[in-house]
Number of protein chains: 2
Amino acid sequence: MTRQKQAVSSLLDRTEEFTSAQELHARLRQAGEHVGLTTVYAQLRMLAEAGEIDSVRSENGEALYRRCTTGTHHHHLVCRSCGKTVEFDAHDIEAWARRLAGGHGFIETAHVMEISGICEDCA
Amino acid sequence: MTRQKQAVSSLLDRTEEFTSAQELHARLRQAGEHVGLTTVYAQLRMLAEAGEIDSVRSENGEALYRRCTTGTHHHHLVCRSCGKTVEFDAHDIEAWARRLAGGHGFIETAHVMEISGICEDCA
DNA sequence: TTATCTGCAAACATTTTGCAGCGAG
DNA sequence: CTCGCTGCAAAATGTTTGCAGATAA
């Protein structure tokens, strides 16, 4: 268990949202941890192969990773103008998504859901 | 309406599966149609913006395109392993999303929702 | 010591952009 | 003629690979 491995794993523990390799790397840098980008990729691949993290693809093709959990997580409502963000949980929607996926024979489902708009301050 | 535009559109009409820009380009070449790769990308972007084709991301980050089967807004349930896709509409969820956003003072809301999993054939 | 991990540099694959020219209407 | 479409070349982006040196056990 190296320092770098520790750092990546620990950061994933503290992160609920699906996050890109690039951003994880940037955050480690910002936190003063010196971990190479290549190493972040290597770690993410190992963790993904070991089934410890989930990965999905974002709209623009980036790979996003998140520690596997069966627990709840939350989503964001983001203002396209000023970036203001409201967190919300979507318990009902998640159950609905799992049910819909299951109805088509899919397992290990993950979902991405983001809502954007213009907040009242920017309107 | 140029020859190239015609060729891309026509090929999409004849293709049921989600297909990458690269492969569409290769098939046009093979069919003797000389259409530049850049042009294929340009066409795909125009068609996607016009809502005439759907795009999803494959496991490895490629963008895949297909002529919309329905003219209406819908979402995708995608197999992370083989790319099999099921379209579904999410009328209830959309109403819920608008209500939630409105409750926080947001207007002009848009949403992104994609569900992924492993389909029964790949399980 | 030794197998594994790290990370620089370079390779890769896909997609986008700059721009000069072509061609449909 | 004019404006949008085309497509070459080059850049941008995200990710992977080769490999030599560092490090945990």
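All values derive from a computational prediction rather than experimental measurement. Reckoned from all heavy atoms, side chains included, excluding hydrogens, waters and symmetry mates. In what follows, chains are A, B, ... by sequence order, proteins preceding strands, each numbered from 1.
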Check the distance between [N]'s [atom2] and [X]'s [atom1] and give it to me in whole angstrom.
X       : N      : atom1 : atom2 : answer
B/His25 : C/dT14 : NE2   : P     : 13 Å
A/Glu59 : C/dT14 : CD    : P     : 19 Å
B/Leu64 : C/dT14 : CG    : P     : 11 Å
B/Leu28 : D/dT6  : CG    : P     : 12 Å
A/Gln43 : D/dT16 : CD    : C1'   : 15 Å
A/Asn60 : D/dG14 : CG    : P     : 7 Å
B/Leu44 : D/dG7  : CG    : P     : 13 Å
A/Arg45 : D/dG14 : CZ    : P     : 18 Å

Q: Give a yes or no on whether the ring-centroid distance for B/His111 and B/His75 is below 6.0 angstrom.
A: yes
So, does [X] get its side chain near the phosphate of [N], meaning an N or O under 4.0 Å from OP1 or OP2?
X       : N      : result
B/Tyr41 : C/dT16 : no
B/Gln4  : D/dG7  : yes
A/Thr38 : C/dT6  : no

Q.
Determine whether B/Ile115 and A/Phe106 satisfy the following criterion, side chain to side chain contact (heavy atoms under 4.5 Å, CB included), listing intermediate values before the conclusion.
A. CA-CA 10 Å; B/Ile115 306 182; A/Phe106 281 60; over 6 Å; no
Q.
On DNA chain C, does the nearest nucleotide to A/Gln6 precede the nearest nucleotide to B/Glu62 from the 5' side, or the other way round? Give the residue.
A. A/Gln6
Q.
As a test of reading the structure: which of D/dT15, D/dG7, C/dG7 is closest to the side chain of B/Val35, going by heavy atoms?
A.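 Selected nucleotide (nearest to the side chain): D/dG7.
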Compare all side-chain heavy atoms of [X] with those of [Y] and state whether any distance is below 4.5 angstrom.
X        : Y       : answer
B/Leu44  : B/Leu12 : yes
A/Cys119 : A/Cys82 : yes
A/Gln6   : A/Gln43 : no

Q. Can a donor-acceptor pair be found between the side chains of B/Ser55 and B/Arg66 at a distance below 3.5 Å?
A. no
Just the atom pairs and distances: protein N or O near nucleotides 19-25 of chain D's N or O, under 3.5 Å.
unit_1, atom_1, unit_2, atom_2, d
D/dA25, OP1, A/Met1, N, 3.0

Q. So, B/Arg67 and B/Glu52, do they make that salt bridge, N to O below 4.0 Å?
A.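 B/Glu52 and B/Arg67: salt-bridged.
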Q: For B/Ala42, report the nucleic acid contact type (base, sugar-phosphate, nothing); a contact means any heavy atom under 4.0 Å.
A: nothing
